[in-house]
Structure formats: structure tokens, C-alpha cells
Amino acid sequence: MAGQAVVTRAAAALPGVGPAMWQRLALLGIEQPADLLLHLPLRYEDRSQLSSIASLRDGQHALVRGQVEATELTQRRRRALLVSLADSSGSVTLRFFHFRPSQVQQFQPGAWLECYGEVRLGPMGLEMVHPEYRLLRGGASEPLPPAALTPVYPTTAGLTQASLRRLVGLALDRCGQHLPELLPPGLRAAEQISDLATALHGLHQPAADALLDERPSALHRLALEELLAHHLSLRRRRQQRQTRRAPVIRASGALRHRLLEALPFALTGAQKRVIGEVLADLARPHPMLRLLQGDVGSGKTLVAAAVALQAAEAGWQTAIMAPTELLAEQHFRNFCRWLPPLGLDPLWLAGRHTGRARAAILADIASGRAPLVVGTHALFQEEVQFARLGLVIIDEQHRFGVHQRLALRAKGDDGAQAPHQLIMTATPIPRSLAMTFYADLDTSTIDELPPGRTPVHTLAVPRRRKDELLTAIATTCAQGQQAYWVCPLIDESEALALSAASATAEELAATLPQLRVGLLHGRMKSREKETVMAAFLSNELQLLVATTVIEVGVDVPNATLMVIDHAERLGLAQLHQLRGRVGRGSADSRCVLLYQPPLSGEARARLAAMRETNDGFEIARRDLDLRGPGELLGTRQTGAVNLRVADLERDRSLLPRLPHLAGLLEREAPAMVPRLIDRWLGRGLDYGEV
Ligand code: ADP
Ligand code: MG
């Protein structure tokens, strides 16, 4: 329920609408006249045509006029008032379940009524249940209602369409006062969009012939304004970040150079470039918030190590967060290879570290002795206190949603100073989305794979030919290479996936007795998982049957064959991630997508995309085409982007315009920027409050 103050303020703002009505409106989230104006119709009813009663059909919405022939109160099953209405062509029954005695009085035989409603086939022929009606005191000659297209609003019990229409009409009368125009005329002219008042009138009170051509442009105008407000708010976040302090991390780079010299390979040009971009940010006194996009296998871990060394050399600690313990451990193993020769000891904080061991690790973090700490999100628990946290690196498995991003922002921030943040993702965000919904952060892209990688040869095979794969697996392993067999989630259930995986593992072990087969799944304790992974890494296990837990980051270059069972159930990004587990060495690799026919159109398109390209950026573009921006941003699940009018699907073509328009607005009408943000995000999710 709206607070009393809100209701009183609203009542004052719209004369003629009292507090009781505002209480009811609050149930719809309407707390002020502006909200009424943005409460858009679900659909429109065409009341421009008067139907003859004889022409009515079941299911039709119709406007009729006629004279009351008779009324009757029935008690059968449910009390109802029945009114028989007739015109020269025939008669129809009006049925009311709720009615006042005064209504019964109105329906005197001979009275003229105009009714609008849905026609249904009832027990006694066609009827209209609770039609909207008005008494025609002037009889059949009264003019038709002026608004020929009637809006139908989302509503709630006790609030009729007629009263909503009246209230919106009142708000529309002072439209400019309740929702003043905030977009400058120059911008409107350049974008060829109407002014706000025209758009709102067009949506709430469209002319009869407006439906096809004017409504889209009116919606377009509102959607553009809303998307622009979201984009502006992210840009403002970014500008605000520039006013915050962060440690200035500057060093000679000696440690980094020593690491790179010790590697058996040279950095790719792209790795060098992004390291440079990150180092430039670290040297600035404001917190970095940078997204590092790089396809699977593009060498992001090394970038993380290189920049962490810069921080270490400058005397700052780095926290590296991985999405799972398995991955944290793998990072830890990498850092244990790279750092100790430089005289630095990385630390790993895992759930299994308890008691004394944990206390010792925490003490090393708190004293600042630990230059680099790896862990999962648990690193951000209260008990973990860093002495000098300078850099946070987040290795994300999937696209990093607005929501998560915001949740992390506050972490490690002691008020005076915030650490720098680098977010690494293997799932690139298509450019148009990145520009609009990631406008608060900077992006770096590794667009080049280390040399010598051969693209993974991908094929799709129906499940009935599963047995043919056994030979492929046997040959691969006989050559000293290794294979994965992935069983995805079945009906979203890890338990079922697990049973499918264990059954498959048993079956494969029985049919291929010469092979050493292992099983990896999400229900295993992390120590068990590590044992299995270590055995696979050392080629003690040749075939690893797994649920999708291996999706992220597992790095075994000797594995050259991957079978993905029920590939039709997985999304493109996930398939691409899984495939990234092979093709990590120099040998040719294959990925077999086993599918269960018949395929849906979308599944077919996904498998085709996988066969046709190995490029993560291309995959991301196809994914955007297949699933649309809402899915991609994760907004359907999390509601992270709260859009009132705009629809990312429908209004997708607007996205590329936003950066330009936002810049224009910031330059030419800066006073409008906070007002726009407040209008559209004021009560919803503020990107800063999460
Ligand atoms: P991702 O970006 O998927 O996290 P990794 O960092 O795991 O990729 O790197 C994948 C593999 O490529 C690792 O074995 C890593 O040592 C190796 N690698 C990284 N950079 C290079 C490079 N410049 N040349 C050759 N191999 C590299
Ligand atoms: Mg990785």
C-alpha cells in the first residue's frame, strides 16, 4: 500500500482524484500522475463500428445498441440479473452478477442502451457478461462515443476500465506538467521522433485510423527515452567512478618481464595490447572497472598473472575469484608454476581450509604478506580482510550481468579507496549490447588465439549412431590422446544428469575395457573432483565422463576429442564453452554433438552455428540473433534491467543510437540528464543501489 504521504501528494497533484482512488492505483504501482501517463494500454478496442445484434458471433468484441425488452432476476446456480436487449435485427442477453438496485431501475423495458463487451454463447443463446454500457437518454439517435479506439489497461479489482480511462484523461489534460518534455527539439528533429505529449496522446487516446501507423512511433518515442535514460545512468556511474580514489599502481615491470621471459612462448599481440590497457588503468588514481573479453583458450589467465605481478611489485595485493572451487584450484596451480620462481607465494582460500590452516591463510591475507589470493566468491566474506587490496580479478564463466556487476562494486571498498577491478569473460557481449548496457565499464578484447591452434572440427551426429563413436574414442586414446564425454543436465536436474553420467561411464568402461575411464560431476566433494582432474591431467585417466561441471576453464591440452551428448539441449554459449576444452594443444581436435531428433528450428540453428564457426564472437552474434537481447543480458531471469516501456526485442534497432544521443544530451542539455534518469529509474533499480 502506498504511504499516506505519497497518496496525499498524489491527490493534490490531480484535482478530482481522491486519496481512496490513489490507494487503489498504488496496487498497480501508480503513485503519481506521471505513472498514470506511463501506464500504457495492453490493447485497444475498436468501438467505431456499431454491430447489429443479429450479426454477433461467439467470441467477438462488439458495440451494440438496443432497447431493453425485459429484465429477470435468476437464482439458478448463481444470482444474476438478465436483461434482454433488442434492436431491429434480433436480441441478446446481458448478464450481470454484481449489480445495484439502481441498475435494475435503469433497465426499464423500452430504455435505450449502448453496450460494449465480449459476446459469448450462454445457456440461452448469445450473451454479453458484464458489458460496459451507457444509457442513451436521447435514444438511438445519440452520437457514437468520440474515442473510436478505446484503450484497455492492465487493471486490478475495484478499478474499472472506465475509471482508468477517466483518470488517464485527467492526467493527459496537464500532460506537460506531469511529464514535461525532456528531449531537446534538436534531438527530436534529428531522430524524427514526436514530442512527448503527442506520443502520450497517441497511445492513450488514439484516433480510429491511428492504430497501424501512429502507435508504433509513439511507443518508439517512449522506448527511446527510456533506453536513453538507462544508458545515461550507466554513463553517469562511470563518470562517478572517475571521482573516486584508487591506489596508483605503478612499477618498473621487472617481475612481469621475468615471468614472460621464463615462458616457453611469446605473448600474442592481443595479450600485449590488453595488458597495456590494464596497466594504464592501474596507474591512474581512479578505480578501474574493465571487462576483458577473450575467447576460450585465448590466454586470459596469463594476462591476469601479468597485471597481478605489476600490483605485487608495487606492493599491492590481488584477489582472483573464480566461479567454482575447481577453477580456483586450477588458477592456483598455474600461479604456483609462475610465481614462486619470482619469489612470490600465491595463496588459495578454499571451503575445505578450516581451523588452524584457515586462520593462517587469513592472517597472511590480513598482514599483507600474501601478494595474490585465489578463491571463489567466498573471498568476499566478512572474515577475509586484506591489508592492501589493490586489484580484484574476476574470472566469470558466463556473461557478466548488470546485476552481479553491481553487487560486486561495493566489495573491497573501504570508502576512501576502492580497488581496481578486472572482469574476465569468455562469452563476448555483442557490440551493440556492450555499448548500451555495459556503458559503465571499459572493455578490452583479446581477438587473437595463440599461434598453432587448429580449429576444432565439429560434427553433429544423431544419437542412434552413438556406437560409432566408441571406435573414435578407442583410436584417439590408443594414440595417447584423451577424450571427454559430456552428459548435460536433464530437465534441469543435476541428480538426473549425474545418474546419466554414471550410467554412461559404466557403459563406456564395459565396452572399452582397455581404457581407464573417470567420472566427474557437481555432487562430488571438491577434493574428489581434484583427484579426478589431476588423474586426467596426468593421462592416468584417458576418458573423462562428466556433467557440465567441466564447462569452464578446465585445461588439459592432451584432450582432443569431445563428445557432447544431447547437444540439442544446450545453448550456444555453453556448447562453445564446452568445445573450448579441446583444441588447446597443437594436435587436431574434434567435437561431436550427439543429438536426439527431431530438432526444433532453434536447436538446428545452434548445431549449424557450432559446425560453421569456432569464433566466439561470431557465436555470440548468432546467439543474439537466436535468443534476442533480453535473454543474453540475463534480464529475463534476474530482472536486472527493469524496463517499463521499452522491449529489447522490439526496440533493438534503437540500441546503436544511444551512445551518440547520450553524448549529445550531455553536451547540449546537461540539466535534462538527471531528470531523465530520475523519471525512468527513480523508483526502479538504480544501478548504484544493488
Ligand atoms: P582462457 O582465456 O580460456 O582462460 P587460458 O589462459 O587457460 O585461456 O590459456 C589457454 C592455454 O593457452 C594455456 O595452456 C596457456 O598456457 C596457453 N597460452 C596462453 N597464452 C599463450 C601464448 N601467447 N602462446 C601460446 N600458448 C599460450
Ligand atoms: Mg580461463
Side-chain angles (χ1 to χ4, degrees), residues 41-166 168-169 204-215:
L42 287 171
R43 58 188 173 85
Y44 299 85
E45 285 171 350
D46 185 355
R47 304 190 181 191
S48 56
Q49 302 294 325
L50 200 59
S51 303
S52 69
I53 289 177
S55 74
L56 297 181
R57 295 287 170 268
D58 187 19
Q60 175 191 1
H61 280 86
L63 183 76
V64 295
R65 282 181 171 188
Q67 275 180 298
V68 174
E69 289 182 321
T71 59
E72 182 195 346
L73 269 170
T74 66
Q75 297 289 351
R76 235 174 303 145
R77 283 201 292 172
R78 205 171 150 196
R79 203 171 98 92
L81 171 66
L82 303 180
V83 178
S84 165
L85 189 75
D87 67 5
S88 56
S89 72
S91 69
V92 64
T93 305
L94 315 179
R95 183 184 290 270
F96 297 89
F97 295 113
H98 313 281
F99 48 90
R100 290 185 298 272
S102 62
Q103 269 173 302
V104 186
Q105 291 301 311
Q106 284 180 333
F107 300 142
Q108 291 297 330
W112 278 91
L113 292 182
E114 180 184 87
C115 299
Y116 183 88
E118 191 182 352
V119 180
R120 292 206 316 220
L121 195 56
M124 304 174 310
L126 291 179
E127 46 181 54
M128 292 169 109
V129 178
H130 274 282
E132 282 182 51
Y133 70 89
R134 63 179 182 133
L135 219 50
L136 301 176
R137 296 191 195 284
S141 57
E142 264 201 38
L144 282 171
L149 275 184
T150 309
V152 179
Y153 294 97
T155 188
T156 175
L159 196 58
T160 62
Q161 290 294 334
S163 26
L164 263 173
R165 253 175 252 139
R166 182 181 71 89
V168 171
H204 290 293
Q205 298 180 344
D209 53 358
L211 196 55
L212 288 178
D213 38 353
E214 273 166 38
R215 186 176 136 81

If I take atom [atom1] from residue [X] and atom [atom2] from residue [Y], how far apart are they, to the nearest 0.5 angstrom?
X    : Y    : atom1 : atom2 : answer
Q103 : T71  : CD    : OG1   : 12.0 Å
H61  : Q49  : NE2   : CD    : 16.0 Å
L159 : L164 : CG    : CG    : 4.0 Å
Y153 : H204 : OH    : NE2   : 5.0 Å

Just wondering, more than 12 heavy atoms not from R165 lying within 6.0 Å of its CZ?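 Yes, enclosed.
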
How about [X] and [Y]: do any of their side-chain heavy atoms sit closer than 4.5 Å?
X    : Y    : result
V129 : E118 : no
Q108 : V68  : no
T160 : T155 : no
Y116 : T150 : no

I'd like to know if the side chain of R65 reaches the main chain of L136, judged simply by a donor and an acceptor atom lying under 3.5 Å from each other, with no hydrogens or angles considered.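 Between the backbone of L136 and the side chain of R65 there is no qualifying donor-acceptor contact (under 3.5 Å).
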
Pairs satisfying salt bridge (charged side-chain N to carboxylate O under 4.0 Å, His left out), at least one member in residues 97-109, at least two apart: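 Applying salt bridge (charged side-chain N to carboxylate O under 4.0 Å, His left out) to every pair that reaches into residues 97-109, excluding sequence neighbours, yields nothing.
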
Going by ring-ring contact (aromatic ring centres under 6.0 Å, His included), name the pairs with one or both residues in residues 65-97, residues two or more places apart or in two chains.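 Sorted pair list: F96-F107, F96-H130, F96-Y133.
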
Minimal non-hydrogen separation, [X] against [Y], with atom names:
X    : Y    : result
D58  : V119 : OD1-O, 3.5 Å
L126 : L121 : CD2-CD1, 3.7 Å
S51  : L56  : CB-CD2, 4.0 Å

Steps toward side chain to side chain contact (heavy atoms under 4.5 Å, CB included) verdict (L94, L113): CA-CA 11 Å; L94 315 179; L113 292 182; 3.9 Å; yes

Qualifying side-chain hydrogen bond (donor to acceptor under 3.5 Å, both in side chains) pairs with a residue from residues 80-95, counting only residues at least two apart or across chains: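 For residues 80-95: E69-S84, D87-S89, R95-E127.
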
Show the numbers, then the answer: is there a side chain to side chain contact (heavy atoms under 4.5 Å, CB included) between V64 and E114? CA-CA 6 Å; V64 295; E114 180 184 87; over 6 Å; no

